[in-house]
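To keep things clear, I will list the structure first and then write my remarks on it.
If you're wondering where the values come from, they're calculated on a predicted model, not measured in any experiment. This chain uses plain numbering: 1 for the first residue, then up along the sequence.
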Amino acid sequence: MERNFETVMVEQCAPVLAGLKPAGLFRYETGDCADLARRMKNWNAQLNPKGLQVRVLKGCVRTHRYLVYVYRESKLCAVLADEKVQSFLRQEGYRLPETGVPDVHGLLTQLSRRLCCSAEFPHEIGIFLGYPLHDVVGFIENRGQNFTCCGCWKAYGDPDAAQRHFDQLSKCTAVYLRLFHSGTPILRLAVAA
């Protein structure tokens, strides 16, 4: 089966489409930048009414590889409104307002710059993908080692709870892929926020 934009989006972002995660990320390769721009515009027009947005976080015209980010702004706002998350992001060098709700688009622009310009991969991206703060901090502090459970990401807390969550996300992806491959369009798979 062809691994086109839509197939990869369902493979990597089914839990986001289902409303189980605030965001997902996938790599897409294309030599046709104009086609990618049309796809982004088209998917945003279709998915925005359901509370979903699609944007390129990083792109390279030389390699034709792009990191496409699919997210629910309301769910991402809830993650970013947490004081502990904000403190962590400030510690990592993000500019946030001292009070009030952080600017989601501004923070995604900061993340995008780090992806494009930083020599090291910004592991705090886990926050923007909805990973628990303790797992993101655990990954950074342990340099990816000493995890208690490994699934969609490396977990550093209760392994049983993490495994149950990973199983839920995997089951969602399997169901969504089955439905998608049997003809259900993405717009029907995407639940309204």
To the nearest 0.5 Å, what is the distance between [atom1] ([X]) and [atom2] ([Y])?
| X | Y | atom1 | atom2 | value |
| --- | --- | --- | --- | --- |
| Lys50 | Arg72 | NZ | CZ | 9.0 Å |
| Gln168 | Cys152 | CD | SG | 10.0 Å |
| Asp135 | His165 | CG | NE2 | 9.5 Å |
| His64 | Glu29 | NE2 | CD | 9.5 Å |
| Glu6 | Phe180 | CD | CZ | 6.5 Å |
| Glu141 | Tyr156 | CD | OH | 10.0 Å |

Less than 4.5 Å apart, any side-chain heavy atom of [X] and any of [Y]?
| X | Y | result |
| --- | --- | --- |
| Lys21 | Lys75 | no |
| Leu115 | Ile125 | yes |
| Trp153 | Val136 | no |
| Leu36 | Met40 | yes |

Check: For the side-chain contact (heavy atoms from CB on, under 4.5 Å) test, which of Val16, Leu108, Leu25, Leu52 pairs with Tyr71?
Finding: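 Of Val16, Leu108, Leu25, Leu52, side-chain contact (heavy atoms from CB on, under 4.5 Å) with Tyr71 is met by Leu108 alone.
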Check: Given Arg27 and Gln12, is the side-chain contact (heavy atoms from CB on, under 4.5 Å) satisfied, shown in steps?
Finding: CA-CA 9 Å; Arg27 188 179 82 178; Gln12 300 300 318; over 6 Å; no
Notebook entry, point to check: What heavy-atom pair brings Ala155 and Phe166 nearest, and what distance separates the two atoms?
Noted result: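 Taking Ala155 first and Phe166 second, the nearest heavy atoms are CB-CZ, 4.2 Å.
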Check: Which pair of heavy atoms, one from Cys116 and one from Lys58, lies closest together, and at what distance?
Finding: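 Closest heavy-atom pair between Cys116 and Lys58: SG-CG, 3.7 Å.
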Joint hydrophobic cluster, [X] plus [Y], side-chain heavy atoms closer than 4.5 Å:
| X | Y | result |
| --- | --- | --- |
| Leu17 | Leu20 | no |
| Ile140 | Ile127 | yes |
| Val137 | Leu111 | yes |
| Val104 | Val54 | no |
| Val191 | Leu169 | no |

Just list the side-chain donor-acceptor pairs under 3.5 Å for residues 76-88, sequence neighbours left out, or say none.
residue, atom, partner, partner atom, Å
Asp82, OD1, Lys84, N, 2.8
Asp82, OD1, Val85, N, 3.0
Gln86, NE2, Leu80, O, 3.0
Gln86, NE2, Ala81, O, 3.3

Given 3.5 Å as the limit, does a donor-acceptor pair link the side chain of [X] with the main chain of [Y], or not?
| X | Y | answer |
| --- | --- | --- |
| Gln110 | Arg95 | yes |
| Ser182 | Leu179 | yes |
| Thr148 | Asp158 | no |
| Asn44 | Gln53 | no |

Applying side-chain contact (heavy atoms from CB on, under 4.5 Å), can you list everything that pairs with [X], at least two apart in sequence or on another chain?
| X | value |
| --- | --- |
| Thr109 | Arg55, Arg113 |
| Ala14 | Cys172, Thr173, Tyr176 |
| Asp32 | Thr30, Ala34, Asp35, Arg38 |

Check: Near Arg90 CZ, under 6.0 Å, is it more than 12 heavy atoms from other residues, nucleotides or ligands?
Finding: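 Yes, CZ of Arg90 has more than 12 neighbouring heavy atoms, counting only those of other groups under 6.0 Å.
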Checklist line | Salt bridge present between Glu92 and Arg114 (N-O < 4.0 angstrom) | finding: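 Salt bridge flag = no for Arg114 with Glu92.
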Checklist line | Residue that, paired with Tyr28, satisfies ring pair (Phe, Tyr, Trp, His ring centres under 6.0 Å) out of Tyr66, Tyr69, Phe5 | finding: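 One option only clears the test, and that one is Phe5.
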Item checked: ring-ring contact (aromatic ring centres under 6.0 Å, His included) contacts touching residues 106-129 (sequence neighbours left out) ->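 Every ring-ring contact (aromatic ring centres under 6.0 Å, His included) pair that includes a residue of residues 106-129, provided the two are not neighbours, is Tyr94-Phe128, Phe121-His123, His123-Phe139.
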Margin query: Enumerate the ring-ring contact (aromatic ring centres under 6.0 Å, His included) contacts for residues 96-116, please, sequence neighbours excluded, ordered by first and then second residue.
Written below: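 Output for this query is empty, none listed.
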Next item on the list: Give the intermediate values and the outcome of side-chain contact (heavy atoms from CB on, under 4.5 Å) for residues Val56 and Leu67.
Entry: CA-CA 6 Å; Val56 172; Leu67 285 180; 5.9 Å; no
Margin query: Distance alone, cut at 3.5 Å: any donor-acceptor contact between the side chains of Asp167 and Ser170?
Written below: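 Result is no, nothing qualifies.
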